[in-house]
Amino acid sequence: MNKSVRVRYAPSPTGYPHVGNIRTALFNWLFARHHGGSFIVRIEDTDVTRKVKGAVKGILDGLRWLGLDWDEGPEVGGKYGPYFQSQRLEIYSELAERLISQGDAYYCYCSPQRLKEMRAEQVKRKQPPGYDRLCRDLTQEERAQKETEGITPVIRFKAPLGGQTRFNDLIRGEVVFDNNTIDDFILLKSDGYPTYHLASVIDDHLMEISHVLRAEEWLSSTPRHLLLYRALGFEPPQFAHLPMLLGSDRSKLSKRHGAVSITEYREQGYLPEAMVNFLALLGWSLDDRTEILSREELIQSFSLERISRTAAIFNRDKLNWMNGVYIRNLTAVQFFEAVQPYLMMNIPAGEALISSENYVRDILPLIQERARTLAEVAELAQFFFIDQLDYESSLLVGKDMSHQSAIQALEAAQQRLSQLEAFDAGSLEGVLRPLAVELGLKTGQLFGTLRVAVTGRTAAPPLFQTMAVLGKERCLRRIEAALARL
RNA sequence: GCCCCCAUCGUCUAGAGGCCUAGGACACCGGCCUUUCAAGCCGGCAACAGCGAUUCGAAUUCGCUUGGGGGUACCA
């Protein structure tokens with residue numbers, strides 16, 4: 001199997017890349033890398049009406065972001081190009097003509113209107129909808145007549161009327177279809193573009209694709225493809241139909257399930273390595289316990305045998321957990337770099353404190369172990385960057401404390417802290433712990449009040465470290481502001 | 001409707017006849033640690049869709065039922 005493995009990711013540029021499509025790309029990529037084969041990207045832009053402008057760029061950026069490099073395809077070329085189907089139209093029409101001359105395909109002049117009505121009628125009569133093969137056996141004269149009427153025909157495949165088509169799916173085992181359930185499907189549309197069926201079969205053959213790993217939604221078109229391979233005299237590749245990715249309600253993943261585009265995950269601050277790890281585990285597993293696998297380990301251990309046959313639901317909670325694991329595993333430098341685009345995200349323009357790089361470097365360790373996404377970092381660190389803290393004043397008065405004792409605590413703290421020379425976590429603790437005792441407060445009460453005064457929240461990184469990073473002046477100013485509220 | 005695929009905790013999954021009173025992870029609930037929150041550690045909750053058959057023995061094999069998904073386009 002080695003050496004000859006050539007797989008492809010063949011998205012159609014009709015929108016932004018969906019996590020389901022990306023998962024398919026990932027499996028193909030892992031398979032190629034595991035076997036030392038080639039990973040090819042081919043753009044299936046054969047539907048002119050659904051084409052979306054920046055889609056190709058979005059797809060390629062998504063792959064790049066996840067580190068899924070391609071050996072042949074857009075931007076990198078390759079000897080089997082072009083890799084855009086819209087640039088290969090002559091190839092498809094030539095082969096479609098060949099099928100006609102062989103008697104395996106025919107021109108069909110039926111109008112979309114007639115097809116639509118016919119189907120409506122079939123559904124009404126509870127018949128399986130399908131083309132009635134009206135044009136399958138047109139005589140030369142009848143065809144000439146249609147041509148003079150100026151109708152541009154489509155080319156349809158002449159599906160066998162009997163027998164069966166079977167194949168061995170690498171994931172699902174043997175699958176059998178009766179040929180009489182296969183329609184005379186269209187190969188070439190009237191606008192001269194091929195349908196997916198024709199184009200993918202031709203290109204997979206011409207590009208010497210060895211394995212087609214695609215989502216399960218393609219399973220029922222596979223017999224048509226096999227019939228085409230046979231008619232064209234091509235040897236078919238091996239097929240493996242991957243389990244689908246479903247939304248939380250078990251229906252096909254779509255926009256109403258929240259984020260579905262890979263770009264959204266990038267924007268929300270998921271790390272590509274976490275995304276790769278998580279996606280790899282959707283439909284594939286190494287064993288009964290391994291959850292965290294590096295890219296190298298994935299490549300090493302990936303195999304078709306361990307792909308499941310069951311559709312999977314995209315579980316956001318688990319992704320969040322995993323992303324947190326990856327964030328915590330970052331070095332300080334890596335985290336600093338990763339967080340740059342997100343840091344000032346929800347801080348109103350003009351309100352941000354002028355902060356040095358060193359200040360940011362001091363803050364980050366306090367945030368790193370608490371964030372599950374990079375976007376969350378901005379939220380968790382916000383109070384470090386703005387002085388106008390917005391909080392409910394009553395939070396300053398902790399559990400079992402009186403208004404008066406809160407004031408007293410803040411004043412005492414203010415007084416002690418202003419006398420403090422070294423404003424590091426150790427010194428702060430050395431002063432504040434005894435102070436609690438002195439005031440007759442539990443440490444939790446004093447620290448709680450101070451925490452709210454200094455951060456504006458009841459949940460924050462450890463108090464002394466936080467105060468040390470904020471610095472003496474800023475802390476005193478915030479305590480002053482808190483007192484003014486009481 | 002018809003065709004195809006699938007079926008283990010809420011979710012992702014391990015399990016390829018006895019190792020299963022079904023394992024791991026996320027989530028959830030307790031506890032420990034602790035100045036709060038996280039993290040970490042310990043513990044708990046929670047599943048073999050149903051019915052038949054094969055077998056000494058079935059989550060694992062077979063059949064049926066049910067349920068879910070996909071396809072059924074001049075979309076991919």
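The analysis underlying the following values was restricted to heavy atoms, covering all of them including side chains, and did not include hydrogens, waters or symmetry mates. Every chain is numbered from 1 and lettered A, B, ... according to where its sequence line falls, protein lines coming before strand lines.
When Watson-Crick and G-U wobble pairs are counted only if both distances are under 3.5 Å, B:G43 pairs with B:C29. When Watson-Crick and G-U wobble pairs are counted only if both distances are under 3.5 Å, B:G17 pairs with no nucleotide at all. The partner of B:G1, taking Watson-Crick or G-U wobble pairs whose two distances both stay under 3.5 Å, is B:U72. As the counterpart of B:U61, B:A53 is assigned, both hydrogen-bonding distances of the Watson-Crick or G-U wobble pattern falling under 3.5 Å. Pairing partner, B:A7: B:U66, with both Watson-Crick or wobble hydrogen-bond distances short of 3.5 Å. With a cut-off of 3.5 Å on both Watson-Crick or G-U wobble distances, the partner of B:A38 is given as none.
Nucleotide B:U11 holds its P atom 14 Å from the CZ atom of A:Phe278, rounded to whole Å. If you measure from atom CG of A:Asp287 to atom P of B:G15, you get 9 Å, rounded to the nearest angstrom. Rounded to an integer number of Å, the gap from CZ of A:Phe384 to P of B:C37 is 17 Å. Atom CZ in A:Arg8 sits roughly 11 Å away from atom C1' in B:A76 (whole-Å rounding). Residue A:Arg125 contributes atom CZ, which lies 15 Å from atom C1' of B:C2 at whole-angstrom precision. Taking atom CG of A:Asn323 as the reference point, atom P of B:A38 lies 18 Å away to the nearest angstrom.
With values rounded to the nearest 0.5 angstrom, A:Lys158 atom NZ is found 11.5 Å from A:Cys135 atom SG. In this structure, the separation between CG on A:Leu99 and OH on A:Tyr106 is 13.0 Å, given to the nearest 0.5 Å. Between atom CH2 of residue A:Trp284 and atom CG of residue A:Leu304 there is a gap of 11.5 Å, rounded to the nearest 0.5 Å.
A:Ala460 comes within 4.0 angstrom of a base, heavy atoms only. Among the heavy atoms of the strands lying under 4.0 Å from A:Arg306 are primed sugar atoms or P, OP1, OP2 only; no base atom is included. If you check every strand for non-hydrogen atoms under 4.0 Å, A:Thr458 touches a base. As judged by a 4.0 angstrom heavy-atom cut-off over every strand, A:Arg224 is placed among residues touching the sugar-phosphate backbone only. Counting any heavy atom pair closer than 4.0 Å across all strands shown, A:Leu219 reaches sugar-phosphate atoms only and no base atom. Within the nucleic acid shown, A:Pro462 comes within 4.0 Å of at least one base atom, counting heavy atoms only. Counting any heavy atom pair closer than 4.0 Å across all strands shown, A:Pro11 reaches no nucleic acid atom. A:Lys442 comes within contact range of no nucleotide atom at all, as no heavy-atom separation falls under 4.0 Å. No contact: A:Thr49 has no heavy atom under 4.0 Å from any strand. Residue A:Arg172 is in sugar-phosphate contact alone, with no base atom involved, counting any heavy-atom pair closer than 4.0 Å across all strands shown. Residue-level contact check: A:Phe177 touches the backbone only, with heavy atoms under 4.0 Å from sugar-phosphate atoms and none from bases. Among the atoms of the strands shown, none is found under 4.0 Å from any heavy atom of A:Gly324.
Rounded to the nearest Å, the gap between the C1' atom of B:A58 and that of B:A53 is 12 Å. Atom name P, nucleotides B:A38 and B:C29: the rounded distance is 11 Å, in whole Å. Taking the P atom of each, B:A25 and B:C42 are spaced 9 Å apart, rounded to whole Å. Between B:G68 and B:G50, the distance separating the two C1' atoms is 15 Å to the nearest Å. Between B:C75 and B:G63, the two P atoms lie 38 Å apart (nearest whole Å). Spacing between B:C64 and B:U54 at atom C1', rounded to whole Å, works out to 15 Å. A gap of 30 Å separates the C1' atoms of B:C62 and B:A46, to the nearest Å. If you take atom P in B:A22 and the same atom in B:G10, they sit 15 Å apart, rounded to whole Å.
A 4.5 Å side-chain heavy-atom check between A:Arg136 and A:Tyr131 finds every atom pair outside the cut-off. Contact annotation: the side chain of A:Phe335 never approaches that of A:Pro365 to less than 4.5 Å [non-hydrogen atoms, C-beta and beyond]. Two residues are said to be in side-chain contact when any heavy atoms from C-beta on lie closer than 4.5 Å; A:Tyr107 and A:Ile155 meet this criterion.
A:Arg433 has a side-chain polar atom (N or O) that falls below the 4.0 Å cut-off from OP1 or OP2 of B:U35. Distances shown here put a side-chain N or O of A:Lys189 below 4.0 Å from the OP1 or OP2 atom of B:C75. Listed pair A:Arg119 / B:C74 meets the phosphate criterion, a side-chain N or O lying under 4.0 Å from OP1 or OP2. Distances shorter than 4.0 Å separate some side-chain N or O of A:Ser285 from OP1 or OP2 on B:A14.
In the set B:G40, B:A25, B:G69, B:G40 carries the atom at the smallest distance from any side-chain atom of A:Arg328. The A:Arg250 side chain lies nearest to B:G68 when the options are B:G68, B:A76, B:U35. Checked against B:U35, B:G69, B:C3, the side chain of A:Leu246 finds its nearest nucleotide in B:G69. Comparing B:A76, B:C37, B:C4 by their nearest atom to the side chain of A:Val175 picks out B:C4. Among the nucleotides B:G70, B:A76, B:C6, the one closest to the side chain of A:Thr310 is B:C6. Here the side chain of A:Arg309 is nearest to one of B:U35, B:C75, B:A7, namely B:A7. For A:Ile186, the side-chain atoms get nearest to B:A73 when compared with the rest of B:A76, B:U35, B:A73. In this structure, the nucleotide among B:C75, B:A39, B:C74 sitting nearest to the side chain of A:Glu369 is B:A39. Which of B:G1, B:G23, B:G70 sits closest to the side chain of A:Met244 comes down to B:G70. Taking only side-chain atoms of A:Thr46, from C-beta outward, the nucleotide of B:U13, B:A76, B:C74 with the closest atom is B:A76.
In this structure, A:Tyr196 has its ring center under 6.0 Å from that of A:His225.
Within 3.5 Å, a donor on the side chain of A:Arg370 pairs with an acceptor on the base of B:C37, or the reverse. Residue-to-nucleotide contacts include a donor-acceptor pair under 3.5 Å from the side chain of A:Glu291 to the base of B:G24. Checked by distance alone, A:Ser190 brings a side-chain donor or acceptor within 3.5 Å of a matching partner on the base of B:C74.
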Run the numbers on A:Tyr265 and A:Leu319 for side chain to side chain contact (heavy atoms under 4.5 Å, CB included), then give the verdict.
CA-CA 10 Å; A:Tyr265 289 91; A:Leu319 205 213; 3.7 Å; yes

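For the side chain to side chain donor-acceptor pair (under 3.5 Å) test with A:Arg214, the passing option among A:Asn28, A:Asn21, A:Thr222 is A:Thr222; the others fail.
Annotation: of the two residues near RNA chain B, A:Phe464 and A:Val176, the 5′-most nearest-nucleotide partner is A:Val176. Between A:Leu253 and A:Trp284, the residue whose closest nucleotide on RNA chain B is further toward the 5' end is A:Trp284.
A cation-pi arrangement is present between A:Arg23 and A:Phe27, with the terminal nitrogen or guanidinium carbon under 6.0 Å from the aromatic centre and inside a 45° cone about the axis.
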